[in-house]
There are 2 protein chains.
Amino acid sequence: MNPPPESLRADAQQNRSRILDVARKALTADPEASLNSIAKLAGVGPGTLYRHFPNRGALVLEIYRQEIQQMVDLAPALIAEHPPLIALRLWFDRMAYYGRIKHSVADALHAVMNESIQGETYGPMVGAIGQLLRAGEQAGVIRQGVDAEDLLLLMGFLWRTPPGHDGEVRTERLLDLVVESLKAPPSA
Amino acid sequence: MNPPPESLRADAQQNRSRILDVARKALTADPEASLNSIAKLAGVGPGTLYRHFPNRGALVLEIYRQEIQQMVDLAPALIAEHPPLIALRLWFDRMAYYGRIKHSVADALHAVMNESIQGETYGPMVGAIGQLLRAGEQAGVIRQGVDAEDLLLLMGFLWRTPPGHDGEVRTERLLDLVVESLKAPPSA
DNA sequence: ACCTGAACACCGTTCAAGT
DNA sequence: ACCTGAACACCGTTCAAGT
């Protein structure tokens, strides 16, 4: 799927793809694997790795890009074979699959930290949201049975909104959408 | 808000909070600031920093915990002062504020990488989602005007779902919820 | 044109010595 | 009981020397 540029010499192309293969496995196993250790596993000198990928980010990015490319190619394929709503659902299912097995190296890089943070903060945050939901339920303005953890998870987009004015507008729109979906149906 | 444990000697308490203050600023400015440099800025030896926080994660976690605590305390305060739906909205507004200024150090740690990844993958992913949405619009089963970027942002919870069976169930439930909200209203 | 691998500055982490 | 700071193994990165 992203063949190494043909402009490279044959041995350079081989090195490049062997580095990528090794790096994907090594970084999936241990997100903090050192670049020197990856070079050694790939059987090249550290300088060779740096010739192809000037820094850690460039290497991770290339691995990530290959995975993204798979997702992008999948969309038209699903549209061709399924009704639109099914296609959309299947596409997001695949995205969920990547998230689940942490096959995405970019994501895996954060896993260690997220785990420790999760344990200490998840509970209190869910508790706070639970209070807000219950207050609304008792007042009859929020529908029954909304799960606080679900809502926290869904609200995670807040942490990934692009900076700047556009991001704020988008955030507002999404917040409206979510809050709207929480409202209790008008009573009969 | 999280005063250093009283069991610590007075000078240790001072060191601990000075380290946290310095670390919050330093890590916000540069997510990759070294622990040795933080120790130096705080005017303590590296050993002292490690005595209080055995690794980088522990330090980041403590900073993060202080910020979470603010959010948790805010919930009952808002409930006391506003109608429930307003309280809920204000709380998430505050959460959005943290996301926006990247004041969360945990988040800032990922910023560098996210930026480069963003540029290269955001476009193609939005394009793929756009295709899926348009296919549904043309078939009349997805409502008009849903923004592909909005949807990608909202779907980000997929990357943060906890592993294991519970996570899968929750993911399914949220996917259902989102896909449901995309459906076109039954035509008159 | 590309690769190797020694070398450099710096990192996280430890621990003997101090107070 | 806590702090200091030298020291260690290792990291990312560079670059002269090779083919």
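Labels below follow one simple rule: chain letters A, B, ... track the order of the sequence lines, proteins then strands, and each chain is numbered from 1. Excluded from the calculations below are hydrogen atoms, water molecules and symmetry mates; all remaining heavy atoms, backbone and side chain alike, are included.
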Looking at DNA chain C, which of residues 41-52 of chain A put a heavy atom within less than 4.0 Å of it? A/G43, A/V44, A/G45, A/P46, A/G47, A/T48, A/R51, A/H52

Would a 4.5 Å heavy-atom cut-off, applied to side chains only, mark A/V60 and A/F53 as touching? no

DNA chain C nearest-nucleotide lookup for A/N15 and B/P54: closer to the 5′ end is A/N15

Stepwise salt bridge (Lys or Arg N to Asp or Glu O under 4.0 Å) check, B/R65 with B/E62: CA-CA 5 Å; B/R65 184 165 20 216; B/E62 184 54 33; 2.9 Å; yes

Measuring from A/Q144:CD to A/L133:CG, what's the distance to the nearest 0.5 Å? 10.5 Å

For the backbone of A/V44 and the side chain of A/T48, can you confirm whether one donor and one acceptor N or O come within less than 3.5 Å of each other? no

First locate atom CZ of A/R16, then atom CD of A/Q13, and finally report the distance between them rounded to the nearest 0.5 Å. 9.0 Å

Those stems involving DNA chain D that have three or more consecutive Watson-Crick or G-U pairs, both distances under 3.5 Å, are C:4-8 with D:12-16, C:12-16 with D:4-8

What is the first contacted nucleotide of DNA chain D and what is the last, in 5' to 3' order, if contact means an atom lying under 4.0 angstrom from a heavy atom of chain B? D/dA1 to D/dA6

Pick out which of B/I19, B/N36, B/N15, B/V22 makes a side-chain contact (heavy atoms from CB on, under 4.5 Å) with B/L49. B/I19

Gap separating the NZ atom of B/K25 from the CG atom of B/L41, nearest 0.5 angstrom: 10.5 Å

Inter-residue atom distance B/L90.CG - B/I86.CD1, 0.5 Å rounding: 6.5 Å

Is it the case that the side chain of A/R18 and the backbone of A/A42 share a donor-acceptor pair, with hydrogens and angles ignored and the cut-off at 3.5 Å? yes

Quick check: do A/L88 and A/L78 have side-chain heavy atoms less than 4.5 Å from each other? no

